Every structure is written in structure tokens, then in C-alpha cells.
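What you are looking at is a predicted structure, and each value in this text was computed from that prediction instead of being measured.
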Amino acid sequence: MIGAGVTAAMAYGQGWGLAIPPLALGGGFGVAVVAGAVAGLYPALRASRLSQTDALRTNG
């Protein structure tokens, strides 16, 4: 969304029309969702395999 906002601001400042394909917006959002899910799911799955005391004892 930040990239779309910067693009819109630049286009407006130059007097150009705005042309951001909806597929690009949807694709960017989809990639961000998948990356966030993987980044959160991987450590959660690793932690779920540890006992609670081992998880608290581990420093790394």
C-alpha cells in the first residue's frame, strides 16, 4: 500500500494519470500475506515441539 501511495503521489505531482494494475496490487498483498504466515508459522511449529520447561530454558 505504501508503494501504491508513493506511486500515486509521484504521478499526481507530475500531472500524469495513475495506472497501477489491480493484479499487481493483489499479487503484492498475496505475497505479503504468505510471507507473514510462513514467518510466523515456522517458529510456532518449532516451539510447539518443545516441552514448556525446555522452551523457557532455551536462549536461542
Side-chain angles (χ1 to χ4, degrees):
M1 296 311 287
I2 293 171
V6 169
T7 301
M10 286 295 297
Y12 178 75
Q14 296 293 325
W16 301 336
L18 181 62
I20 301 174
L23 182 62
L25 287 175
F29 181 76
V31 168
V33 167
V34 169
V38 169
L41 191 60
Y42 176 69
L45 289 174
R46 283 188 57 199
S48 71
R49 292 187 188 113
L50 294 174
S51 71
Q52 295 166 348
T53 53
D54 286 339
L56 290 173
R57 194 175 316 139
T58 304
N59 289 331

### Task
State the CD1-OG1 distance between I2 and T7, to the nearest 0.5 angstrom.
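Rounded to the nearest 0.5 Å, the CD1-OG1 separation comes out at 11.5 Å.
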### Message
Who clusters with L41? Use side-chain heavy atoms, under 4.5 angstrom, across I, L, V, M, F, W and Y, and order the result by chain and number.
### Response
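Hydrophobic cluster check, L41: joined to L45.
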#### Entry: Whichever hydrophobic residues join V33 through chains of side-chain contacts under 4.5 Å
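Noted: V33 shares its cluster with F29.
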### Task
List for me each residue that meets side-chain contact (heavy atoms from CB on, under 4.5 Å) alongside A11, sequence neighbours excluded, and say none if there are none.
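Counting only residues at least two positions away or on another chain, A11 forms a side-chain contact (heavy atoms from CB on, under 4.5 Å) with W16, L18.
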